[in-house]
**Q** 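Questions regarding the structure given below will be posed in turn.
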Amino acid sequence: MTITNENETPKKNLNFIEQMVENDLKEGLNGGRIQTRFPPEPNGHLHIGHVKAICIDFGIAEKYNGICNLRFDDTNPVKEDVEYVDSIKSDIQWLGFHWENLYYASDYFQQLYDLAIFFIKEGKAYVDEQSAETIAQQKGTPTTPGTESPFRNRPISESLDLFERMNKGDFADGSMVLRAKIDMAHSNMHFRDPIIYRIITTHPHHRTGTKWKVYPMYDFAHGQSDYFEGVTHSLCTLEFEVHRPLYDWFIDQFVEEGAYRPKQREFNRLNITYTVMSKRKLLQLVEEGLVNGWDDPRMPTVCGLRRRGYTATSIRNFIDSIGYTKVEGMIDVSLLEHAIREDLKPKADRVCAIFDPIKLIITNYPENATEILITENNPENEKSGTREMPFGRELYIERSDFMEDAPKNFFRLTPNGREVRLKSAYIVQCTGFKKDADGNVTEVYCTYDPTTKSGTEGGNKKVKSTINWVNIHSCIDAEVRLYDRLFSVEDPLASEKDFHELINPESLKILQGCKVEASLKDAKPLSNFQFLKIGYFTVDEESTKDHLIFNRTVSLKDTWAKKTE
RNA sequence: UGUCUCAUGGUGUAACGGUAGCACUGCAGAUUUUGGUUCUGCCUGUCGAAGUUCGAAUCUUCGUGAGACAACCA
């Protein structure tokens with residue numbers, strides 16, 4: 001998207017990947033063509049770690065006038081499912097990215113098979129009939145060399161015949177594999193005759209059905225697919241760094257020097273405090289019912305974040321702010337929270353919600369009278385306009401906005417008669433309160449000053465605090481789900497304790513009987529609001545007209561709460 | 001007793017041999033019809049040791065520390 005203009009000041013602060021791409025461009029690599037791919041395996045839902053990869057894959061293509069394809073890495077039918085294909089596609093679109101072409105590694109099964117045959121004919125691959133355990137044992141360790149398989153030097157014709165019969169279904173799963181013939185003593189474990197094809201007959205493939213009985217392994221499929229497709233820059237996370245030499249080796253075997261070839265480079269994966277990012281752990285959370293599904297708003301999945309109220313923009317801004325390096329670190333979740341607050345600040349209308357209602361009666365206000373007051377939707381955004389709020393003698397206010405015995409620095413309602421403003425309404429003074437038999441305050445009484453109406457000259461009077469209210473007759477009930485960080489420790493994976501003990505017991509608190517202003521009656525799912533003084537909230541997907549449900553996206557910063565801790 | 005990779009405030013990230021900057025967090029104060037926002041200020045950093053150089057976060061060497069790699073997963 002960037003247009004290069006000689007008059008423009010040179011771009012600065014490129015990340016190391018952009019620097020590499022610009023350098024490749026300058027050197028005319030691959031004729032100046034830029035092509036990337038986002039290669040998810042359809043075995044789980046996308047999480048925010050994937051978004052980091054998506055942003056660089058699609059971002060590089062966009063920035064350097066290239067293309068980015070979506071390619072499902074569907075080489076293992078045992079684990080994969082169409083369910084995930086659909087959700088991955090829609091998540092990418094929701095994030096605002098567009099792939100040039102939609103491919104599947106399974107599109108290349110024939111080419112990959114033919115290539116395997118080529119490797120066998122070249123004497124660079126052989127069929128091994130040993131068990132998985134034996135092969136693993138012979139692999140050696142990172143510090144000791146492996147030993148060669150007795151099948152390593154069998155005749156090419158024999159391997160060829162066996163491999164073809166493997167694919168006809170003549171042999172059971174696990175009975176034999178095709179291995180590349182490289183070096184069992186290599187210091188890089190991945191070069192110790194890696195398995196490149198295995199037999200899978202027990203699970204039909206979600207796209208090719210039972211056509212194939214052998215499936216390529218990642219190392220043989222990924223780089224070759226990149227090559228078939230014309231990928232120039234194959235970007236992935238750091239754990240694939242040790243695979244890169246093998247990625248290059250395979251391509252060396254059938255591509256001439258100097259010809260086009262894809263290039264793999266690795267960046268740091270995303271870790272965020274108080275959550276986990278591995279698909280295995282996320283799956284465990286779902287399967288054990290520790291959360292309510294992949295889209296539980298506590299999950300770092302794209303669907304979970306969306307349901308939590310995170311916008312695509314905020315997630316992309318967050319990713320943009322953390323950058324790409326080779327340093328494996330841990331991002332403070334407050335950075336993510338900052339991104340959503342920043343995005344919602346001008347977008348989310350301010351509304352009143354009372355979580356723990358207590359009745360406030362304005363004793364000098366006429367009974368049965370109703371008055372329509374005007375309030376701004378968002379002081380941070382003039383274009384957001386105003387709305388009407390019905391005011392009356394009986395209101396609900398937040399229980400915590402009244403204190404019988406208040407410290408000096410408590411600015412809200414107290415029986416001492418401090419003046420307090422009701423948001424967009426009048427200034428009131430507490431005159432008394434009522435308690436039930438258990439000593440709980442049930443009603444608070446106050447008088448109002450009719451000359452202090454907001455928007456009038458008398459309304460300019462300064463008071464120390466403004467509190468929220470809803471009209472007792474027009475407000476509506478709502479359920480509020482207060483979400484917080486899923487884990488109570490910064491790095492759950494690093495803890496010695498059992499995974500289950502690390503879950504934050506307060507990661508979800510459900511509040512019933514909350515009172516929200518009537519304007520929220522028709523709020524649409526996934527729309528964002530700021531509940532004044534409380535936080536940003538979104539309407540849950542399960543919310544209905546008769547049963548409103550709001551999810552807390554993130555709280556507002558609260559220096560008062562900090563002081564009182 | 002392997003190979004590869006990495007090392008800048010609490011966290012993340014810049015500085016590409018020439019003044020260590022930015023964001024987040026935290027702490028103060030000002031403003032505020034949100035104890036929010038905004039504004040101002042403050043705290044805190046080049047892993048260590050040699051070397052090259054007029055000059056090193058940057059280049060070299062040696063340490064130290066951290067991570068990845070031994071799935072018929074990707």
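Chain naming here is simple, since letters A, B, ... match the order of the sequence lines and numbering starts at 1 in each. Keep in mind that the numbers below use all heavy atoms, side chains included, and drop hydrogens, waters and symmetry copies. Everything numeric here is computed off the predicted structure, so don't read it as measured data.
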**Q** Would A/Glu129 and A/Arg154 pass as an ion pair if we require N to O under 4.0 Å?
**A**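 Looking at A/Arg154 together with A/Glu129, the answer is yes, because their closest N to O distance falls below 4.0 Å.
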**Q** For the C1' atoms, the ones on B/rA57 and on B/rG45, what distance do you get once it is rounded to whole angstrom?
**A**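 So the two C1' atoms sit 10 Å from each other.
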**Q** Partner lookup for B/rA49, please. Criteria are Watson-Crick or G-U wobble with both distances under 3.5 angstrom; report none if nothing qualifies.
**A**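 Pairing partner, where one exists within any strand: B/rU61.
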**Q** So, under a plain 3.5 Å distance rule, would you say the side chain of A/His243 forms a donor-acceptor pair with the base of B/rA74?
**A**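 Present.
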**Q** Is it true that A/Arg71 and A/Glu229 make a salt bridge, defined as a side-chain N closer than 4.0 Å to a carboxylate O?
**A**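 Yes, this pair counts.
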**Q** Does A/Thr273 reach a base, just sugar-phosphate, or nothing at all? Heavy atoms under 4.0 Å.
**A**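 It contacts nothing in the nucleic acid.
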**Q** Distance between the P atoms of B/rG2 and B/rG63, in whole angstroms?
**A**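 B/rG2 and B/rG63 have their P atoms separated by 11 Å.
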**Q** Provide, to the nearest angstrom, the distance between the CD atom belonging to A/Gln137 and the C1' atom belonging to B/rA70.
**A**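 From A/Gln137 CD to B/rA70 C1': 12 Å.
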**Q** Applying a 4.0 Å non-hydrogen cut-off, can you work out what A/Gly329 is touching in the nucleic acid: base, sugar-phosphate, or nothing?
**A**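 Answer is sugar-phosphate: A/Gly329 comes under 4.0 Å of backbone atoms only.
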**Q** Does a salt bridge link A/Glu517 with A/Arg387, judged by any charged N lying under 4.0 Å from a carboxylate O?
**A**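 Yes, this pair counts.
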**Q** Just so I know, are the side chains of A/Glu398 and A/Pro357 near enough to count as touching, which here means a heavy-atom distance under 4.5 Å?
**A**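 Of all side-chain heavy-atom pairs linking A/Pro357 with A/Glu398, none is under 4.5 Å.
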**Q** Please classify the nucleic acid contact of A/Ser131 as base, sugar-phosphate, or nothing, using heavy-atom distances under 4.0 Å.
**A**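 Result for A/Ser131 = base.
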**Q** Without decimals, in angstroms, what is the distance between A/Leu238 CG and B/rA66 P?
**A**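 To the nearest whole Å, that distance equals 17 Å.
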**Q** Classify the angle between the aromatic ring planes of A/Phe119 and A/Trp249 as parallel (below 30°), tilted (30 to 60°) or perpendicular (above 60°).
**A**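 Because their plane-to-plane angle lies in the 30° to 60° range, the rings of A/Phe119 and A/Trp249 count as tilted.
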**Q** Do NZ/NE/NH1/NH2 and the carboxylate oxygens of A/Glu241 and A/Lys326 come within less than 4.0 Å?
**A**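 Judged by the 4.0 Å cut-off on N to carboxylate O distance, A/Glu241 and A/Lys326 do form a salt bridge.
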**Q** NA contact type, A/Val327, heavy-atom cut-off 4.0 Å: base, sugar-phosphate, or nothing?
**A**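 Result for A/Val327 = sugar-phosphate.
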**Q** Please pick, from B/rC69, B/rA7, B/rU5, the nucleotide with the shortest atom-to-atom distance to any side-chain atom of A/Lys326.
**A**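 In terms of side-chain proximity for A/Lys326, the closest of B/rC69, B/rA7, B/rU5 is B/rU5.
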**Q** Quick check with a 6.0 Å cut-off and a 45 degree axis cone: is A/Arg350 positioned over the face of A/Phe529's six-membered ring?
**A**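 Relative to the ring axis of A/Phe529, which defines the angle, A/Arg350 lies outside at least one limit.
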**Q** What is the distance, to the nearest angstrom, from the CG atom on A/Asn188 to the P atom on B/rC69?
**A**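 In whole Å, B/rC69 P and A/Asn188 CG are 12 Å from each other.
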**Q** Can you tell me, in whole Å, how much space there is between the P of B/rU40 and that of B/rA23?
**A**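 About 10 Å, rounded to a whole number of Å.
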**Q** Start at the 5' end of RNA chain B and walk down; is the nucleotide closest to A/Asn15 or to A/Pro216 reached first?
**A**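 Upstream on the strand: A/Asn15.
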**Q** Using the C1' atoms only, state how far B/rU52 lies from B/rC43, rounded to an integer number of Å.
**A**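 It works out to 36 Å between them.
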**Q** Of the nucleotides B/rC69, B/rU11, B/rC24, which one has an atom closest to the side chain of A/Asp332?
**A**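 Selected nucleotide: B/rU11.
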**Q** What is the distance, to the nearest angstrom, from the CD atom on A/Glu241 to the C1' atom on B/rA74?
**A**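 Checked: the CD to C1' distance equals 17 Å.
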**Q** In whole angstrom, what separates A/Leu46's CG from B/rA74's P?
**A**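 So the CG-P distance, A/Leu46 to B/rA74, works out to 18 Å.
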**Q** What is the pairing partner of B/rC39, taking Watson-Crick or G-U wobble pairs with both distances under 3.5 Å in any strand?
**A**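 When the pairing criteria are applied, B/rG29 turns out to be the nucleotide that pairs with B/rC39.
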**Q** To the side chain of A/Tyr218, which of B/rU13, B/rC24, B/rA74 is closest?
**A**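 When the side chain of A/Tyr218 is considered, B/rA74 is the closest of B/rU13, B/rC24, B/rA74.
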**Q** Checking all strands, does A/Gln130 fall into the base, sugar-phosphate, or nothing category for heavy-atom contacts under 4.0 angstrom?
**A**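 Counting heavy atoms under 4.0 Å across all strands, the contact made by A/Gln130 includes a base.
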**Q** What interatomic distance, in whole Å, is found between P of B/rC59 and the corresponding atom of B/rC16?
**A**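 Nearest-Å result for B/rC16 against B/rC59 at atom P: 11 Å.
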**Q** Quick one: look up who B/rU11 pairs with, Watson-Crick or G-U, both distances under 3.5 Å, and put none if it's unpaired.
**A**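 Base-paired to B/rA23.
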**Q** State the pairing partner of B/rG2; accept Watson-Crick or G-U wobble contacts with both distances under 3.5 Å, and report none otherwise.
**A**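 Partner of B/rG2: B/rC69.
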**Q** Protein within reach of the bases, or only the backbone? For nucleotides 29-47 of chain B, mark each nucleotide 5' to 3' as B, S or -, using heavy atoms under 4.0 Å.
**A** ----BBBBSS---------
**Q** Across all strands, who's sitting opposite B/rC54 as a Watson-Crick or G-U wobble pair, both distances under 3.5 Å?
**A**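 The base-pairing partner of B/rC54, which may sit in any strand shown, is B/rG18.
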**Q** Could you please name the partner base of B/rA74, counting Watson-Crick and G-U wobble pairs only when both distances are under 3.5 Å?
**A**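 The answer is none; no pair meets the criterion.
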**Q** Identify whether any heavy atom of A/Gln19 sits under 4.0 Å from a base atom; if not, whether one sits that close to sugar-phosphate; answer base, sugar-phosphate or nothing.
**A**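 Result for A/Gln19 = base.
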**Q** Just call it for A/Phe240: base, sugar-phosphate, or nothing, with non-hydrogen atoms closer than 4.0 Å on any strand.
**A**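 Contact class for A/Phe240: base.
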**Q** Can you check whether A/Lys562 has a side-chain N or O nearer than 4.0 Å to OP1 or OP2 of B/rG26?
**A**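 So the side-chain polar atoms of A/Lys562 do come within 4.0 Å of the phosphate oxygens OP1 or OP2 of B/rG26, strictly under.
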**Q** Over how many whole Å does the gap from A/His190 atom NE2 to B/rU3 atom P extend?
**A**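 Checked: the NE2 to P distance equals 16 Å.
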**Q** Using 30° and 60° as the class limits, which term best fits the ring planes of A/Tyr247 and A/His222: parallel, tilted or perpendicular?
**A**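 It falls in the tilted class, 30° to 60°.
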**Q** If we take the P atom in both B/rG12 and B/rG67, what is their distance in whole Å?
**A**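 About 14 Å, rounded to a whole number of Å.
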**Q** Check every atom of B/rA70, B/rC69, B/rC73 against the side chain of A/Thr141 and return the nucleotide holding the closest atom.
**A**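 Nearest listed nucleotide: B/rA70.
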**Q** Starting from P on B/rG2, measure out to CZ on A/Arg192 and report it in whole angstrom.
**A**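 My rounded result for the distance is 13 Å.
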**Q** Check this for me, if you would: do A/Arg192 and A/Asp183 make a salt bridge, where the nitrogen-to-carboxylate-oxygen distance has to be below 4.0 angstrom?
**A**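 A salt bridge is absent here (no side-chain N lies under 4.0 Å from a carboxylate O).
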**Q** Please report the distance separating the P of B/rC42 from the corresponding atom of B/rU53, rounded so that it comes out in whole Å.
**A**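 Taking atom P in both B/rC42 and B/rU53, they lie 39 Å apart.
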**Q** Determine whether the side chains of A/Gln130 and A/Ser149 contain a donor N or O and an acceptor N or O closer than 3.5 Å.
**A**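 Judged by distance alone, the side chains do pair up.
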**Q** Starting the side chain at C-beta, find the nucleotide from B/rC72, B/rA70, B/rG67 nearest to A/Glu328.
**A**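 Closest nucleotide to the A/Glu328 side chain: B/rG67.
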**Q** Could you measure between the two C1' atoms, the one in B/rA20 and the one in B/rA14, and give it in whole Å?
**A**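 Their C1' atoms lie roughly 10 Å apart.
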**Q** Tell me the interatomic distance from A/Lys52, atom NZ, to B/rU13, atom C1', rounded to whole angstroms.
**A**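 In whole Å, B/rU13 C1' and A/Lys52 NZ are 11 Å from each other.
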**Q** Should the pair A/Arg269-A/Glu328 be classified as a salt bridge under the 4.0 Å nitrogen-to-oxygen rule?
**A**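 No, no charged N to carboxylate O under 4.0 Å.
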**Q** Quick one: is B/rU13 close enough that its OP1 or OP2 comes under 4.0 Å of any side-chain N or O from A/Asn268?
**A**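 So the side chain of A/Asn268 is within the cut-off, an N or O lying under 4.0 Å from OP1 or OP2 of B/rU13.
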